[in-house]
Amino acid sequence: MNSLMRKLTANADPAPSTSSPSEFDPTESVRKGKSFDLGHGSEVFHVPRFFPAEQSWAWFDYLNKHVPWSRPTLRIFGRNLVQPRDSCYVAAEGLPAISYNGHSPRAYSWDDFPPLKDILDAVHKALPGSRFNSLVLNRYDGNNDYVSWHSDDEVLYGPTPEIASVTFGCEREFLLKKKPSKMSPASGDEPKSKRLRKSHDPDQHSFVLKHGSLLVMKGYTQRDWLHSVPKRAKPMSIRINLTFRCVLQ
Ligand SMILES: O=C(O)CCC(=O)C(=O)O
Ligand SMILES: [Fe+2]
């Protein structure tokens with residue numbers, strides 16, 4: 001462990017800085033990633049070990065402690081439900097407000113949390129052409145916290161948004177399933193044959209999102225697929241997830 005890393009580990013408070021490019025090169029690290037073609041213009045790109053583990057723990061500690069996490073009450077199918085995870089929202093100044101399930105989160109500034117700018121910088125370097133201007137942070141405080149099936153298909157993100165997801169802390173399963181097709185309604189409802197259920201179903205995918213991982217949803221993934229992080233029976237420690245997005249202006 002070099003001295004910078006030791007310092008970051010020993011004193012993650014208040015704002016760990018990113019290690020120098022010689023220690024971590026996002027353009028090099030991203031080359032370990034794999035693309036998954038989901039068909040019809042949807043694609044997922046996954047780098048299980050994108051950020052170095054120690055740097056990721058320093059960011060985990062900072063975010064866990066300094067982000068003003070909250071659990072808003074959401075309006076879902078006419079019922080009030082407390083969101084089953086903590087969240088926070090960061091966005092560039094002047095962007096239109098976002099809203100989900102009757103909740104409009106307050107937009108914090110990137111300047112409020114300097115390490116987020118380092119993480120964003122690395123993600124931008126890894127994904128040439130990307131230009132994220134907003135970020136949803138989620139904190140899952142154990143196995144009972146989750147995000148239910150949804151897609152981030154808000155008009156504000158445009159028809160083919162690129163969404164980059166970074167995970168720190170406990171690994172969790174991230175599931176994708178195809179939305180029922182509007183073209184052939186019967187096929188979406190048909191029970192799958194036993195043989196198909198046992199073999200790999202091309203309409204469902206699962207990724208284990210590890211500490212320091214990067215997963216990017218691209219193309220028509222939000223239009224055609226749902227994603228979730230389900231509850232689990234086994235006790236789990238805290239997981240922090242950041243999803244970088246671009247709100248169109
Ligand atoms: O926690 C995750 O991996 C996903 C979070 C997510 O889907 C969202 O914030 O929209
Ligand atoms: Fe999402």
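Just so you know, ligand 1 is whichever comes first in the structure, and atom 1 is the first atom listed for that ligand. Owing to the predicted nature of the structure, the values given are computational and were not obtained by experimental measurement.
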Could you tell me whether some N/O pair between Ser165 and ligand 1 is separated by less than 3.5 angstrom?
-> no

So is Arg172 actually on top of Phe174's ring, under 6.0 Å and inside 45° of the axis?
-> no

Residue and atom name of the nearest protein heavy atom (relative to atom 1 (O) of ligand 1), distance in Å to one decimal = Tyr140 OH, 2.5 Å

Roughly how far, to the nearest 0.5 Å, is OH of Tyr89 from CG of Leu135?
-> 9.0 Å

Stepwise, does the side chain to side chain donor-acceptor pair (under 3.5 Å) test hold for Asp112 with His66?
-> CA-CA 10 Å; Asp112 294 333; His66 294 278; over 6 Å; no

The answer for which part of Arg172 has a heavy atom under 4.0 Å from ligand 1 is neither

Hey, does Arg85 sit under 4.0 Å from ligand 1 if you only count heavy atoms?
-> no

Is the His46-His205 ring centre distance short of 6.0 angstrom?
-> no

In ligand 1, the atoms that come under 4.0 Å of a heavy atom of Thr243 are 9 (O)

Hey, is CD on Glu93 packed in by over 12 heavy atoms from elsewhere, all under 6.0 Å?
-> no

Are Arg239 and ligand 1 in contact, using a heavy-atom cut-off of under 4.0 Å?
-> yes

Residue Val229 vicinity, atoms of ligand 1 by number, heavy atom under 4.0 Å | 1 (O), 2 (C), 3 (O)

Residue and atom name of the nearest protein heavy atom (relative to atom 4 (C) of ligand 1), distance in Å to one decimal | Asn241 OD1, 3.7 Å

Find the distance between OG1 (Thr221) and CD1 (Ile163) and round it off to the nearest 0.5 Å.
-> 9.0 Å

Which residues and atoms, counting only protein N, O or S, are under 2.8 Å from the Fe ion (ligand 2)?
-> His150 NE2, Asp152 OD2, His227 NE2

Roughly how far apart are Asn138 CG and Asn241 CG, rounded to 0.5 Å?
-> 6.0 Å

Restricting to heavy atoms, the pick from Leu209, Asn138, Leu242 nearest atom 5 (C) of ligand 1 would be Asn138

Phe51 ring center within less than 6.0 Å of Phe60 ring center | no

Any pair counted as salt bridge (charged side-chain N to carboxylate O under 4.0 Å, His left out), so long as it reaches residues 159-171, sequence neighbours left out = Glu171-Lys210

Using only heavy-atom distances, determine whether the side chains of Lys218 and Ser42 contain a donor-acceptor pair under 3.5 Å.
-> no

Under 4.0 Å from any heavy atom of His227, which atoms of ligand 1 are there?
-> 7 (O)

Using the ring of Trp149 (Phe, Tyr or Trp, six-membered ring only), decide whether Lys177 places NZ or CZ under 6.0 Å from its centre and within 45 degrees of its axis.
-> yes

Between Tyr220 and His40, what is the shortest heavy-atom contact and its length?
-> CD1-O, 3.8 Å

Number the atoms of ligand 1 from 1 as they appear, then name those within less than 4.0 Å of a heavy atom of Phe174, with their elements.
-> 3 (O)

Should Arg245 be listed as contacting ligand 1, given a heavy-atom distance under 4.0 Å as the test?
-> yes

Is it the side chain, the backbone, both or neither of Asp152 that has a heavy atom closer than 4.0 Å to ligand 1?
-> side chain

